[in-house]
Amino acid sequence: MKVVINAVSAKLGGAVTYLTNVLERLPPPESRDEFLVFLPRHIMERQKAAARNVTLIPCEAGSRGFIARLWWEQVTFRRMLSALRADVLFSSANFAMFNCPIRQLLLVRMQLYFSELYLQYVESRTPLRSRFALASRRWLCCRSVRSADLVMTPSAAMLSDLRRYVEASEEKTLVNHYGAAPPTAKAPEEAHRDRTEVRLLYVSLYGEHKNVGTLLEALPLLNGDNQRRFRLATTADPGWAAIKWMVTVEDDLRIAKSAAVAPWVQFVGPLSLEETQALYLAADLFVFPALTESFGHPMVEAMSYGLPII
């Protein structure tokens, strides 16, 4: 069987982690299955473990504007799919090919299109242009659900939210939870560890729905008790230069720089897989304050390291 995987939107964060995990666990060459993967050029280096029956094809369509990407997926990619003579298309990020000439599996993993919490607490504060863009993507995602042969979500909650906007029967849908590879290293023994200090960790890219401000505001409250000190390390940095304008950035930066918070927080990242592993190994507790998620992949990673999760 020849399977084409459309992963052009896997540029960073959980999308890259998911793609990496999938490619490492595809059927081996002995299965006689063939996989052709369209993905951004800059993440191809992370896929060094791809088997010889997996062909990586660089494509920058996911970095283009909304209309340009739509044209690529519906017109240009359709011609390529026909030439490749594939048996199945796996569209791995919310949008499907309409009237696809072969069977198509669609993964819907963007909770923000459908979350009532996000729409109420974040989207209502965004400019009209941003709300229109979100509504357009939600419409396109719903149209994609109708076009796909099978629709997959990473959690039952994601599927439930999706069904409030588009009809998706039991026969056409399935929930397939994310996973995490076992750690490749163990935390070193710390003979002189200060047991009065609790090391908190939050691994995530920064986003409006990540609710970093609430976590930062909690630090002075936790540190009001002289018995323990709580220090937070997080990759969800509101000061990250790559962040586009978000309604929460100014408030979160103000809180982060305040005298009551700044001594207790360390912003790190973006990090390599090895550097992120070191964060997990050094932490005592994993905290995940996100307002909404399709799944919350870092929580599974934290579980694999044996961390308690709040």
Side-chain angles (χ1 to χ4, degrees), residues 5 7-26 28 35 37 39-52 54 56 58 60 62-63 92-93 109 154 177-194 197-207 210 212 215 230-243 256 264-290 293-310:
I5 300 176
V8 297
S9 65
K11 298 185 288 293
L12 41 75
V16 176
T17 301
Y18 174 77
L19 177 63
T20 301
N21 288 341
V22 167
L23 295 186
E24 290 177 353
R25 289 159 180 82
L26 291 174
F35 301 91
V37 187
L39 73 174
R41 185 181 299 277
H42 72 276
I43 68 162
M44 288 182 63
E45 274 298 304
R46 290 187 59 171
Q47 316 307 323
K48 294 177 180 177
R52 65 177 184 273
V54 178
L56 304 180
E60 303 306 323
S63 299
S92 66
R109 56 179 177 82
H177 302 123
Y178 294 157
T184 57
K186 293 184 178 180
E189 293 292 331
E190 298 178 90
H192 304 291
R193 164 77 191 281
D194 180 2
E197 180 174 289
V198 180
R199 297 176 295 194
L200 307 177
L201 174 64
Y202 181 26
V203 172
S204 176
L205 288 177
Y206 182 84
K210 298 299 183 177
V212 175
L215 182 55
F230 290 82
R231 297 188 184 277
L232 170 67
T234 180
T235 57
D237 183 1
W240 184 30
I243 291 176
W264 308 110
V265 62
Q266 178 188 13
F267 293 108
V268 293
L271 304 177
S272 66
L273 291 175
E274 293 74 18
E275 291 169 326
T276 304
Q277 177 175 257
L279 284 181
Y280 282 116
L281 292 173
D284 297 309
L285 288 170
F286 189 80
V287 286
F288 201 78
E293 292 283 350
S294 63
F295 184 82
H297 195 273
M299 288 192 286
V300 176
E301 293 180 337
M303 288 180 193
S304 74
Y305 287 88
L307 287 175
I309 299 171
I310 301 174

*Asks:* To the nearest 0.5 Å, tell me how far Tyr178 OH sits from Phe295 CZ.
*Replies:* 8.0 Å
*Asks:* Going from CG on Asp237 to OG on Ser204, what distance comes out if it is rounded to the nearest 0.5 angstrom?
*Replies:* 11.5 Å
*Asks:* Looking only at non-hydrogen atoms, find the nearest pair between Tyr305 and Leu281 and report the distance.
*Replies:* CD2-CD2, 3.7 Å
*Asks:* Look at the side chain of Tyr202 and the backbone N and O of Lys210, then say whether any donor-acceptor pair between them is shorter than 3.5 Å.
*Replies:*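 Answer holds: yes.
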*Asks:* Take Leu271 and Leu279 through the test side chain to side chain contact (heavy atoms under 4.5 Å, CB included) and record every step on the way to the result.
*Replies:* CA-CA 10 Å; Leu271 304 177; Leu279 284 181; 3.4 Å; yes
*Asks:* Going from CD1 on Ile310 to CG on Leu285, what distance comes out if it is rounded to the nearest 0.5 angstrom?
*Replies:*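 Here the interatomic distance stands at 5.0 Å.
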*Asks:* Indicate yes or no for a side-chain donor-acceptor contact from Glu60 to the backbone of Arg41 under 3.5 Å, with no hydrogens or angles considered.
*Replies:*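 Checking the backbone N and O of Arg41 against the side chain of Glu60, a donor-acceptor pair under 3.5 Å is found.
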*Asks:* Would you say Lys11's side chain and Ser63's backbone share a donor-acceptor pair under 3.5 angstrom?
*Replies:* no
*Asks:* Calculate, to the nearest 0.5 Å, the distance between atoms CD1 and CE belonging to Ile309 and Met299 respectively.
*Replies:* 6.5 Å
*Asks:* Please report the shortest heavy-atom distance between Ser9 and Ala15, naming the atom on each side.
*Replies:* O-CB, 4.4 Å
*Asks:* Give the C-alpha distance, both sets of side-chain angles, the deciding distance and a yes or no for side chain to side chain contact (heavy atoms under 4.5 Å, CB included) between Thr235 and Trp240.
*Replies:* CA-CA 9 Å; Thr235 57; Trp240 184 30; over 6 Å; no
*Asks:* At their closest point, which heavy atom of Ala10 faces which heavy atom of Val16, and how far apart are they?
*Replies:* O-CG2, 3.6 Å
*Asks:* Any side-chain to backbone donor/acceptor pair from Glu197 onto Arg231? Under 3.5 Å, distance only.
*Replies:* no
*Asks:* Looking at CD of Gln266 and CG of Leu200, how far apart are the two atoms once the value is rounded to the nearest 0.5 Å?
*Replies:* 12.5 Å
*Asks:* Ignoring hydrogens, what is the shortest heavy-atom contact between Val300 and Gly179? Give both atom names and the distance.
*Replies:* CG1-C, 3.9 Å
*Asks:* Kindly indicate whether the side chain of Tyr280, heavy atoms from C-beta on, has any atom under 4.5 Å from the side chain of Ser304.
*Replies:*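 No - every pair of side-chain heavy atoms lies 4.5 Å or more apart.
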*Asks:* Which residues pass the side chain to side chain contact (heavy atoms under 4.5 Å, CB included) test with Val265, sequence neighbours left out?
*Replies:*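 Per chain and number, Val265 pairs via side chain to side chain contact (heavy atoms under 4.5 Å, CB included) with Leu216, Leu219, Leu232, Thr234, Val261, Phe267.
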*Asks:* How long is the gap from CG on Leu201 to CD on Glu301, to the nearest 0.5 Å?
*Replies:*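 Leu201 atom CG to Glu301 atom CD measures 10.0 Å (nearest 0.5 Å).
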*Asks:* For Arg109 and Ser294, which heavy atoms make the closest approach, and how far apart are they?
*Replies:*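 Looking at all heavy atoms of both residues, the closest pair is O-OG, 3.2 Å.
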*Asks:* Closest heavy-atom contact between His177 and Pro154?
*Replies:* CD2-O, 3.2 Å
*Asks:* Quick one: does any side-chain atom of Arg199 pair with a main-chain N or O of Ala282 as donor and acceptor, under 3.5 Å?
*Replies:* yes
*Asks:* Count the heavy atoms belonging to other residues, nucleotides or ligands that lie under 6.0 Å from CZ of Arg25, then report whether that count exceeds 12.
*Replies:*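 Atom CZ in Arg25 is crowded, with more than 12 foreign heavy atoms closer than 6.0 Å.
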